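The figures here come from the full heavy-atom set of this structure, side chains too, leaving out hydrogens, waters and symmetry mates. Whatever order the structure lists ligands and atoms in, that order sets their numbers, starting from 1. Fair warning: this is a prediction, and the values are worked out from it, not measured in the lab.
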Amino acid sequence: MTDKKLSKIAAPKGVPDYIPPVSAEFITIRDTFAHQVRLAGYDHIELPIFEETALFARGVGESTDVVSKEMYTFADRGDRMVTLRPEGTAGVMRVVIEHNLDRGQLPVKLSYYGPFFRYERPQAGRYRQLQQVGVEAIGVDDPALDAEVIALADRCFRSIGLSGYRLELTSLGDSSCRPAYREKLQEFLFTLPLDDETRRRAEINPLRVLDDKRPEVKEMTAEAPLMLDYLSDESRSHFETVTGLLEDLGVRYQINPRMVRGLDYYTKTCFEFVHDGLGAQSGIGGGGRYDGLMAQLGGQELSGIGFGLGVDRALLALQAEQKSVSDGSRVDVFGVALGSVAKKRMVLLVDALRAAGIRADMSYGDRGLKGAMKGADRAGAKFALVLGESELETGTVAVKNLRDHEQETIALESAVETISALIDNEA
Ligand code: HAM
């Protein structure tokens with residue numbers, strides 16, 4: 001043992017800690033999204049946190065920043081290259097193919113949530129560990145399904161009370177019109193004085209050049225041909241059905257013909273939810289259809305559509321709108337026992353309250369009445385239960401309403417039922 005004080009260890013750069021009371025907001029947002037997607041018939045799937053690197057290289061696309069610059073990739077102890085998942089769609093496809101989920105009833109509707117990892121430059125709202133709730137509907141290319149997925153994302157955001165966002169929409173066409181458009185775009189781009197790296201990008205995936213944030217490139221590409229002007233009849237009618245259904249559903253949208261998503265697998269419908277209160281990192285969720293992804297990963301030629309909603313950014317957006325989804329309380333009831341006999345009885349009462357589904361905690365250590373009542377306040381409890389010698393003698397417990405400071409004495413024997421009724425009355 002030395003007397004030297006060890007240095008503290010901080011969280012890895014770009015990784016958020018969610019601590020109380022914000023963690024309650026975080027969990028409520030995630031759970032509300034998860035609840036909404038369950039209501040729409042999406043089954044939960046628990047995906048591995050890491051996968052073979054090839055899955056993302058092939059699935060997400062080599063020309064994307066996500067694959068070329070941002071993956072947490074390492075060799076495991078058996079020298080296999082593995083990657084912390086940067087997104088969920090490729091992993092879901094792998095599972096569907098591996099477990100033949102696409103051999104049954106279609107569409108296969110799956111949802112997932114949890115952390116994803118991207119080695120991005122950290123800034124407000126851009127993290128290296130980010131959290132999403134996502135869905136994928138696989139196996140049916142029906143524009144009604146596109147509308148369902150988009151409307152579901154919108155419902156998720158509304159259900160946490162968000163309102164200051166807009167939905168942007170476009171179509172990226174399909175294999176019958178995209179190649180011709182790609183050529184047109186490349187023809188245009190190759191006339192521009194692009195630097196070598198950008199030119200290379202234009203060769204691999206010219207769409208990505210339209211996503212370049214540098215003002216000089218933006219200016220040069222302002223007149224670039226747009227996919228929406230080159231859609232095949234089939235893609236156009238698909239897109240029109242989607243937008244028509246969204247209108248019927250009352251989901252407002254704007255067409256953004258220059259939208260470029262950060263992942264390569266998209267075809268046809270593509271969308272992004274953008275919040276105005278977030279600054280540069282304004283995308284709170286996005287997704288789209290992907291026709292070729294499953295085949296690209298060795299599966300059948302099946303189309304799919306899905307979204308990923310950013311839980312971290314939804315939380316930031318909620319804070320920007322000065323809204324909250326949690327009342328900040330840890331429990332409803334807080335037990336205050338005075339003396340060791342009372343404490344033993346309180347342990348049982350708190351246990352019985354929890355068994356009845358009531359959120360309950362109690363004071364520990366030898367705190368006096370005042371200190372213990374402070375604990376009740378800090379926990380955000382609605383009621384404090386005070387059990388002292390005199391209550392024990394009469395088989396009662398004092399219930400203090402911490403909002404209006406009214407106090408009443410109830411029978412200890414039927415305390416759980418009485419407290420349960422009191423809580424229902426407060427709600
Ligand atoms: P994505 O647009 O890359 O799509 O990510 C979805 C959402 O995750 C974004 O809109 C954003 O809210 C959040 N997000 C992404 N990167 C970060 C970051 N560094 N920090 C904080 N939040 C972030 C996908 O991942 C696709 N897999 C979605 C999808 C599902 N498409 C079809 N199916």
Near Tyr265 (heavy-atom distance under 4.0 Å), the atoms of ligand 1 are 26 (C), 27 (N), 31 (N)

Numbering as shown, the atoms of ligand 1 that approach Gly125 to under 4.0 Å (heavy-atom distance)
20 (N), 21 (C)

Salt-bridge criterion met for Arg201 and Glu197 (N-O under 4.0 Å)
yes

Where does the angle between the aromatic ring planes of Tyr181 and Tyr230 fall among parallel (under 30°), tilted (30 to 60°) and perpendicular (over 60°)?
tilted

Only one of Thr267, Asp146, Asp174 passes side-chain hydrogen bond (donor to acceptor under 3.5 Å, both in side chains) with Arg289, and that residue is Asp146

Indicate the atoms forming the closest heavy-atom contact of Phe188 with Met220, along with that distance.
CZ-O, 3.6 Å

Ligand-residue contact atoms, ligand 1 with Gly287, heavy atoms, under 4.0 Å:
31 (N)

Measure from atom 11 (C) of ligand 1 to every heavy atom in Pro122, Gly283, Gly14, Gly306 and give the option owning the shortest one.
Gly283

Going by the angle between their ring planes, with limits at 30° and 60°, are Phe33 and Phe157 parallel, tilted or perpendicular?
perpendicular

Which of these, Gly262, Gly285, Ser282, has its nearest heavy atom closest to atom 10 (O) of ligand 1?
Gly285

Within a distance under 4.0 Å of any heavy atom of Arg126, pick out the atoms of ligand 1 and give their elements.
19 (N), 20 (N)

Verify, without hydrogens or angle tests, whether Arg128 (side chain) and Glu120 (backbone) share a donor-acceptor contact under 3.5 angstrom.
yes

Please work out which of His275, Gln132, Arg121, Arg289 has its closest non-hydrogen atom nearest to atom 6 (C) of ligand 1.
Gln132

Determine, considering heavy atoms only, which of Tyr127, Phe307, Tyr266 sits nearest to atom 31 (N) of ligand 1.
Tyr266

Restricting to heavy atoms, the pick from Gln281, Glu136, Glu272 nearest atom 33 (N) of ligand 1 would be Glu136

What do you reckon, does Tyr290 have a nitrogen or oxygen under 3.5 Å from a nitrogen or oxygen of ligand 1?
no

Heavy atoms only: which of Glu120, Glu87, Arg261 is nearest to atom 1 (P) of ligand 1?
Arg261

Between Leu130 and ligand 1, find which residue part has any heavy-atom pair under 4.0 Å and reply side chain, backbone, both or neither.
side chain

With heavy atoms only and a cut-off of under 4.0 Å, state how Leu263 meets ligand 1: side chain, backbone, both or neither.
side chain

So, Phe26 versus Tyr18, ring centres under 6.0 angstrom or not?
yes

